[in-house]
Asker: 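Below you will find the structure I want to go over with you.
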Amino acid sequence: MSESINENILTALGATAEVIGHTLTPNAARMIVRELSGYEESAVLNALRKCSRECKYRLSLADIVERIDDGRPSVEQAWGMLPKGEDETTVWTNEMAIAYASASPMLQAGDLVAARMAFKEVYLREIANARTDMQKVKWSVSLGHDQKGRIGPLRDAVANGKISAESALRLCHDLYN
């Protein structure tokens with residue numbers, strides 16, 4: 001019994017490899033397309049477009065996967081979204097929370113350079129693992145101590161589709177009681 005192969009992705013994959021300067025065997029191309037089948041077609045096609053512009057030598061499955069936009073912020077965006085203190089409410093991904101935990105002792109010690117380096121290393125590893133395992137991005141809320149300061153980040157998170165309006169209302173419930 002043969003598996004269904006997405007012909008659009010297969011064609012784009014072959015063209016991308018050709019633009020970079022090499023060809024894939026039919027077996028390798030089918031294997032890559034099967035590995036990418038868990039992602040949305042448009043996300044894979046966009047990643048292949050990026051590869052055709054950015055990759056210089058051989059095209060690999062890893063090249064494609066790392067360029068798939070799955071809703072996770074880039075490492076620089078993620079670093080900028082981190083809470084500046086315990087008062088601040090933050091909406092972040094699981095990968096951001098894990099990386100923040102590793103950088104937190106350095107932040108508390110005031111070593112921003114070491115903290116940023118630690119955050120970056122752990123965050124990139126965590127998103128690579130999540131993408132390899134085809135895990136969808138999951139956003140969560142870390143409530144800061146400043147109750148009134150929760151409204152803005154929660155409103156933004158709802159507007160950007162990171163959390164539901166119902167979740168935000170539940171989290172703000174204490175403000176109005």
Asker: Identify the heavy atoms of Met96 and Pro73 that sit nearest to each other, and give their distance.
Answerer: SD-CG, 3.8 Å
Asker: Where the side chain of Thr11 meets the backbone of Glu7, is there a donor-acceptor pair that is under 3.5 Å apart?
Answerer: yes
Asker: Using side-chain heavy atoms (C-beta onward) and a distance below 4.5 Å, is Val122 in contact with Tyr100?
Answerer: no
Asker: For Met117, does the CE atom sit with more than 12 other heavy atoms under 6.0 Å from it, leaving out its own atoms?
Answerer: no
Asker: Answer yes or no: is there a side-chain heavy-atom contact under 4.5 Å between Val91 and Asp156?
Answerer: no
Asker: If you measure only the distance, is there a donor-acceptor pair under 3.5 Å linking the side chains of Ser60 and Asp63?
Answerer: yes
Asker: Set out, in order, the CA-CA distance, both residues' side-chain angles and the distance that settles side-chain contact (heavy atoms from CB on, under 4.5 Å) for Ile32 and Leu10, then state yes or no.
Answerer: CA-CA 9 Å; Ile32 289 172; Leu10 186 61; over 6 Å; no
Asker: How many angstroms lie between atom OG1 of Thr93 and atom CD1 of Ile127, to the nearest 0.5 angstrom?
Answerer: 8.5 Å
Asker: Can you tell me how far apart NZ (Lys136) and CZ (Arg72) are? Round to the nearest 0.5 Å.
Answerer: 10.0 Å
Asker: Roughly how far apart are Ser52 OG and Lys50 NZ, rounded to 0.5 Å?
Answerer: 11.5 Å
Asker: Might you point out which heavy atoms bring Ile163 and Ala168 nearest each other, and give the distance in Å?
Answerer: CD1-CB, 4.0 Å
Asker: Please assess Ser167 against Arg170 for the test side chain to side chain donor-acceptor pair (under 3.5 Å), listing each intermediate value before the final yes or no.
Answerer: CA-CA 5 Å; Ser167 295; Arg170 262 194 317 274; 3.3 Å; yes
Asker: Could you measure the distance from the SG atom of Cys51 to the CD1 atom of Ile20? Nearest 0.5 Å is fine.
Answerer: 6.0 Å
Asker: Given side chains that start at C-beta, do those of Val141 and Thr90 come closer than 4.5 Å, heavy atoms only?
Answerer: no
Asker: Anything under 3.5 Å between a donor and an acceptor, one on a side chain of residues 12-19, the other on a protein residue two or more places apart or in another chain? List them.
Answerer:
| residue | atom | partner | partner atom | Å |
| --- | --- | --- | --- | --- |
| Thr16 | OG1 | Ala12 | O | 2.7 |

Asker: If I compare all heavy atoms of Ala103 with all of Ala115, which pair ends up nearest, and what's the gap?
Answerer: CB-O, 3.3 Å
Asker: Could you name each residue pair satisfying ring-ring contact (aromatic ring centres under 6.0 Å, His included) that touches residues 21-73, not counting sequence neighbours?
Answerer: none
Asker: Run the side-chain contact (heavy atoms from CB on, under 4.5 Å) check on Glu88 and Arg150 step by step: do they pass?
Answerer: CA-CA 7 Å; Glu88 196 172 309; Arg150 295 175 183 175; over 6 Å; no
Asker: For the backbone of Ala101 and the side chain of Ser104, can you confirm whether one donor and one acceptor N or O come within less than 3.5 Å of each other?
Answerer: no
Asker: Got a sec: does the CD of Glu121 have more than 12 other heavy atoms crowding it under 6.0 Å?
Answerer: no
Asker: Enter the distance from Ile5:CD1 to Arg30:CZ here, rounded to the nearest 0.5 Å.
Answerer: 7.0 Å
Asker: Are any side-chain N or O atoms of Asp146 and backbone N or O atoms of Lys148, one a donor and one an acceptor, separated by less than 3.5 Å?
Answerer: yes
Asker: Taking Asp69 for its side chain and Gly71 for its backbone only, find out whether a donor-acceptor pair lies under 3.5 Å.
Answerer: yes
Asker: Out of curiosity, Met134 CE to Asp70 CG, how far, rounded to the nearest 0.5 Å?
Answerer: 11.5 Å
Asker: Is it true that atom CD of Glu54 has more than 12 heavy atoms of other residues, nucleotides or ligands lying nearer than 6.0 Å?
Answerer: yes
Asker: One pair to check against side-chain contact (heavy atoms from CB on, under 4.5 Å): Lys138 and Trp92. What are the steps and the verdict?
Answerer: CA-CA 8 Å; Lys138 184 172 189 242; Trp92 55 10; over 6 Å; no
Asker: Applying side-chain contact (heavy atoms from CB on, under 4.5 Å) to Arg131 and Ile68, what does each step give before you reach the verdict?
Answerer: CA-CA 9 Å; Arg131 287 175 176 157; Ile68 291 176; 5.7 Å; no
Asker: Please tabulate, for the side chains in residues 75-83, all donor-acceptor contacts under 3.5 angstrom to protein atoms that are two or more places apart in sequence or on a different chain.
Answerer:
| residue | atom | partner | partner atom | Å |
| --- | --- | --- | --- | --- |
| Glu76 | OE1 | Arg116 | NH2 | 2.4 |
| Glu76 | OE2 | Arg116 | NH2 | 2.7 |
| Gln77 | OE1 | Ser74 | N | 2.8 |
| Gln77 | OE1 | Ser74 | OG | 3.3 |

